[in-house]
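What you are looking at is a predicted structure, and each value in this text was computed from that prediction instead of being measured. Side chains are part of it too, since the values below use all heavy atoms of this structure and drop only hydrogens, waters and symmetry mates.
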Amino acid sequence: MDLVHLQRQLVDYRTSLYHEGFLDEQFTQLQSLQDENNPDFVVEVVSLFFEDSERLLNELSKALEQQIIDFKRMDAQVHQLKGSSSSIGAHRVQKLCIVFRNYCEAQNVEGCLKCLQQVKHEYGIIKTKLESMFQLEQQILNAGGSIPV
């Protein structure tokens, strides 16, 4: 595949992530912080988001399996997930966390279980999509091109 085609594919793919509501302007801000001194900045930040999110989702799953659920602790974990998803522009995950927090506050187990599944689903989608975007960027760089802004 030629370089111009790869670059056009990346621009179209990235645009679709915004139009479909997966990413918001915060991701654009994150990208603006990347420069030649730190060319892997976005990948590194997003990788930390992935690690943190997976840990939090596992902790939330375990918390909901307990006989006595600590909703206050769960709310703090969901709040942390909301913040980290917001900081990278993972819009859909962040919006679901707002609903999830409301269920935690209401101590609604069924609502929390439902939201946890939805957050896991949306997290899985955004992770796959961002990984695909990063692979496409790497293909462009490997072909000697630059990443279009």
Side-chain angles (χ1 to χ4, degrees), residues 6-66 68-141 145-149:
L6 284 172
Q7 290 171 322
R8 166 69 17 222
Q9 188 180 352
L10 175 62
V11 169
D12 291 345
Y13 188 71
R14 193 167 39 210
T15 300
S16 76
L17 294 179
Y18 286 95
H19 286 303
E20 294 172 23
F22 289 106
L23 295 175
D24 63 24
E25 65 282 345
Q26 187 60 39
F27 190 77
T28 306
Q29 292 293 321
L30 189 65
Q31 288 180 307
S32 72
L33 297 173
Q34 182 166 293
D35 59 22
E36 61 276 350
N37 294 329
N38 198 354
D40 298 324
F41 179 75
V42 174
V43 172
E44 290 170 3
V45 170
V46 170
S47 294
L48 290 172
F49 165 72
F50 291 158
E51 290 172 22
D52 194 44
S53 296
E54 288 174 21
R55 179 186 56 79
L56 288 168
L57 290 169
N58 285 332
E59 288 176 12
L60 287 164
S61 293
K62 289 176 186 170
L64 283 167
E65 293 170 358
Q66 302 304 309
I68 299 172
I69 297 172
D70 185 347
F71 287 100
K72 189 173 182 177
R73 184 166 187 263
M74 276 185 54
D75 181 58
Q77 291 168 326
V78 176
H79 180 70
Q80 187 178 351
L81 182 59
K82 179 177 141 289
S84 60
S85 59
S86 178
S87 72
I88 69 144
H91 186 68
R92 288 186 181 186
V93 174
Q94 185 245 340
K95 291 302 228 185
L96 279 170
C97 286
I98 293 169
V99 176
F100 198 162
R101 289 194 70 202
N102 291 334
Y103 283 123
C104 288
E105 188 176 311
Q107 298 190 3
N108 181 326
V109 177
E110 291 305 313
C112 286
L113 286 166
K114 180 181 168 196
C115 267
L116 178 60
Q117 292 311 309
Q118 291 173 329
V119 169
K120 283 181 175 182
H121 177 74
E122 285 299 329
Y123 166 76
I125 292 171
I126 193 64
K127 182 177 183 193
T128 299
K129 289 186 177 291
L130 287 173
E131 286 173 340
S132 295
M133 186 179 77
F134 295 149
Q135 287 172 355
L136 193 51
E137 287 176 351
Q138 194 58 53
Q139 283 181 305
I140 291 167
L141 294 173
S146 62
I147 305 299
V149 182

Does a sphere of radius 6.0 Å around [atom1] in [X] hold more than 12 heavy atoms from other residues, nucleotides or ligands, not counting ones at 6.0 Å or beyond?
{"X": "K127", "atom1": "NZ", "answer": "yes"}
{"X": "R73", "atom1": "CZ", "answer": "no"}
{"X": "Q31", "atom1": "CD", "answer": "yes"}

Rounded to the nearest 0.5 Å, what separation is found between the [atom1] atom of [X] and the [atom2] atom of [Y]?
{"X": "N38", "Y": "L33", "atom1": "CG", "atom2": "CG", "answer": "9.5 Å"}
{"X": "C112", "Y": "E110", "atom1": "SG", "atom2": "CD", "answer": "9.5 Å"}
{"X": "E122", "Y": "Q94", "atom1": "CD", "atom2": "CD", "answer": "12.5 Å"}
{"X": "L10", "Y": "S132", "atom1": "CG", "atom2": "OG", "answer": "11.5 Å"}
{"X": "H121", "Y": "C115", "atom1": "NE2", "atom2": "SG", "answer": "13.5 Å"}
{"X": "C104", "Y": "L64", "atom1": "SG", "atom2": "CG", "answer": "7.5 Å"}

Can you confirm whether [X] sits close enough to [Y] that some side-chain heavy atom of one is under 4.5 Å from a side-chain heavy atom of the other?
{"X": "I88", "Y": "Q26", "answer": "no"}
{"X": "F71", "Y": "N108", "answer": "no"}
{"X": "S47", "Y": "V43", "answer": "yes"}
{"X": "F27", "Y": "L17", "answer": "no"}
{"X": "E137", "Y": "I140", "answer": "no"}
{"X": "S61", "Y": "K120", "answer": "yes"}
{"X": "F100", "Y": "M74", "answer": "yes"}
{"X": "S16", "Y": "H19", "answer": "no"}

- Task: Tell me, with the steps shown, if E54 and Y123 meet side-chain hydrogen bond (donor to acceptor under 3.5 Å, both in side chains).
- Result: CA-CA 9 Å; E54 288 174 21; Y123 166 76; 2.7 Å; yes

Smallest separation among heavy atoms of [X] and [Y], with atom names:
{"X": "F49", "Y": "A90", "value": "CZ-CB, 4.3 Å"}
{"X": "Y18", "Y": "E25", "value": "CE2-N, 4.4 Å"}
{"X": "Q80", "Y": "L56", "value": "OE1-CD2, 3.7 Å"}
{"X": "Q7", "Y": "S146", "value": "NE2-O, 2.7 Å"}
{"X": "K82", "Y": "R101", "value": "CD-CD, 4.4 Å"}
{"X": "I69", "Y": "A63", "value": "CG1-O, 3.7 Å"}

- Please walk me through it: do F41 and L30 pass side-chain contact (heavy atoms from CB on, under 4.5 Å)? CA-CA 8 Å; F41 179 75; L30 189 65; 3.6 Å; yes

- Message: I'd like to know if the side chain of Y13 reaches the main chain of K129, judged simply by a donor and an acceptor atom lying under 3.5 Å from each other, with no hydrogens or angles considered.
- Response: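 Pair found, side chain donor or acceptor close to backbone of K129.
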
- Message: When you measure from the side chain of S87 to the backbone of S84, do you find a donor-acceptor pair of N or O atoms at a distance under 3.5 Å?
- Response: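 Answer holds: yes.
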
- Is there a side-chain contact (heavy atoms from CB on, under 4.5 Å) between L57 and L81 once you walk through the steps? CA-CA 8 Å; L57 290 169; L81 182 59; 3.9 Å; yes

- Message: Show, in sequence, the C-alpha distance, side-chain angles and deciding distance for Q118 and V99, and conclude whether the side-chain contact (heavy atoms from CB on, under 4.5 Å) test is met.
- Response: CA-CA 10 Å; Q118 291 173 329; V99 176; 5.7 Å; no

- Option among I147, L136, T28 that satisfies the side-chain contact (heavy atoms from CB on, under 4.5 Å) test with R14: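 Between R14 and the candidates, side-chain contact (heavy atoms from CB on, under 4.5 Å) is satisfied uniquely by I147.
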
- Item | R55 with E59: basic N within carboxylate O range, under 4.0 Å |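 So R55 pairs with E59 through a salt bridge.
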
- Message: One thing to verify: whether D75 and K72 come together as a salt bridge, which I'm taking to mean a side-chain N less than 4.0 angstrom from a carboxylate O.
- Response: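 The answer is no: the pair does not qualify as a salt bridge.
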
- Would you please test L96 and R92 for side-chain contact (heavy atoms from CB on, under 4.5 Å) and show each step? CA-CA 6 Å; L96 279 170; R92 288 186 181 186; 5.6 Å; no

